[in-house]
Protein chains: 2
Amino acid sequence: MNVLNASHLQQRLHEASILPTLQRMAVASVLLGRPVHMTAEQVLDAARRQLPSLSRATVYAVLQLFVRSRLLKELPIDGASTVYDSNTEPHHHLYDIDTGAVADLSATQLQVLGVPEAVGGMQLVGVDVIVRVRGLVQDSVSMR
Amino acid sequence: MNVLNASHLQQRLHEASILPTLQRMAVASVLLGRPVHMTAEQVLDAARRQLPSLSRATVYAVLQLFVRSRLLKELPIDGASTVYDSNTEPHHHLYDIDTGAVADLSATQLQVLGVPEAVGGMQLVGVDVIVRVRGLVQDSVSMR
DNA sequence: TTCCATGCAAAGGGTTTGCACTCTC
DNA sequence: GAGAGTGCAAACCCTTTGCATGGAA
């Protein structure tokens with residue numbers, strides 16, 4: 001993590017009213033620099049290269065904090081473990097059912113028609129689209 | 001479970017090359033009679049009303065067997081436990097993020113445009129759309 | 001000094017597995 | 001009898017929690 005990245009990340013945490021501790025900066029540098037899809041365990045492994053003392057419980061706590069602060073999204077891809085996505089733009093996902101690899105589909109590439117906006121006192125929160133494929137090769141997440 | 005249902009269910013299992021044991025018939029009668037969304041635990045509870053000796057491990061085994069045989073689908077709704085859907089028609093889902101209630105959206109009600117059919121050796125398996133809402137009241141699943 | 005953040009270990013929920021018993025073909 | 005299906009309990013994985021320590025405002 002270079003100085004430019006560090007200050008940029010620090011600013012993003014500041015904007016989200018998050019105290020930039022060492023642990024949070026380590027997690028942020030793994031996830032928030034570019035759009036990635038990672039499980040908690042992958043985040044832990046990557047962040048420990050930078051901060052070996054980092055504990056699993058702290059990573060889970062930081063991930064939840066980042067989700068609450070809308071720096072990350074949890075992906076509704078079924079499977080053993082939660083996948084965190086640092087792409088905060090509206091978008092959808094390609095999911096390789098064999099390898100667990102995940103790739104983004106922009107909201108302009110793929111559109112959903114007929115979403116019930118607010119029927120009968122019901123409030124729309126969000127729409128997730130998962131396109132399940134075999135043979136996807138990019139951006140591997142290796143979940144299984 | 002009346003006799004008509006029983007023979008109908010038995011036929012569905014037969015068509016799927018599944019031996020119609022007592023346990024499998026109990027699970028089938030809970031799930032396969034009409035479109036429902038249920039967790040493994042809910043299936044166990046319901047099936048035990050019919051066959052009290054039914055074990056949890058067997059229910060999980062039968063659910064997996066039914067999914068492999070395409071009698072059921074696992075819903076990609078994130079959350080603690082897997083939800084099984086006995087509606088085998090192409091359709092999508094409304095999901096209440098507060099109550100866990102699930103409702104179907106027919107494929108004609110909601111359409112997805114721009115799905116990449118088969119790019120670069122990649123094979124399309126399926127498309128899941130989850131519309132997350134608050135305040136949905138029908139067809140409660142009470143997951144949380 | 002008062003919170004908030006962290007780390008460890010243990011607990012928790014959901015699911016799977018090992019193994020012996022039972023049933024079907 | 002051979003193979004498949006079942007039940008129990010233990011194991012397993014992912015995640016959360018309790019509690020004591022450490023650091024920031």
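So that the names make sense, note that chain A is the first sequence line, chain B the second, and so on, each numbered from 1.
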## Note on the structure
Winner on side-chain proximity to T58(B), out of dA9(D), dT6(D), dT6(C), is dT6(D)

### Query
Cut-off 3.5 Å, side chains only: do D128(B) and H93(B) have a donor facing an acceptor?
no

### Task
Taking all heavy atoms of R134(B) and all of D98(B), pick out the closest pair and write down the distance.
NH1-OD1, 2.8 Å

### Message
With no hydrogens and no angle check, just 3.5 Å: does a side-chain donor-acceptor pair link H37(B) and N87(B)?
### Response
no

### Query
E41(B) has an atom CD; how far is it from atom C1' of dT15(C), in whole Å?
11 Å

### Query
Under 4.0 Å between a side-chain N or O of Q64(A) and OP1 or OP2 of dT15(D)?
no

### Query
If you find the nucleotide of DNA chain C closest to Y84(B) and the one closest to V59(A), which residue's nucleotide is nearer the 5' end?
V59(A)

#### Entry: Among dT15(C), dC14(D), dT6(C), the one nearest A40(B) by side-chain distance
dT15(C)

### Query
On DNA chain D, nearest-nucleotide positions of Y60(A) versus L65(B): which is more 5'?
L65(B)

### Task
Kindly say if Q23(A) contacts the phosphate of dG7(C), meaning a side-chain N or O under 4.0 Å from OP1 or OP2.
yes

### Query
Roughly, in whole Å, what's the span from CG in L51(B) to P in dG5(D)?
16 Å

### Message
How many whole angstroms separate atom CZ of R24(A) from atom C1' of dG23(D)?
### Response
12 Å

## Note on the structure
Closest of dT15(C), dG7(C), dG7(D) to the T82(B) side chain is dT15(C)

### Task
Round to the nearest Å and state the distance from L63(B) atom CG to dG5(D) atom P.
15 Å

### Query
Is there a donor in the side chain of E41(B) and an acceptor in the side chain of S81(B), or the other way round, less than 3.5 Å apart?
no

### Query
With no hydrogens and no angle check, do the side chains of D104(B) and H92(B) hold a donor and an acceptor under 3.5 Å apart?
no

#### Entry: A80(A), nearest nucleotide to its side chain (from dC14(D), dT16(C), dG7(D))
dC14(D)

### Message
Does a side-chain N or O of T21(A) approach OP1 or OP2 of dT6(C) to a distance below 4.0 Å, or not?
### Response
yes

### Task
Please tell me which of R56(B) and L19(B) maps to the more 5' nucleotide of DNA chain D, matching each residue to the nucleotide holding its nearest heavy atom.
L19(B)

### Summary
Atom CG of L13(B) and atom C1' of dT24(C) are separated, to the nearest Å, by 16 Å

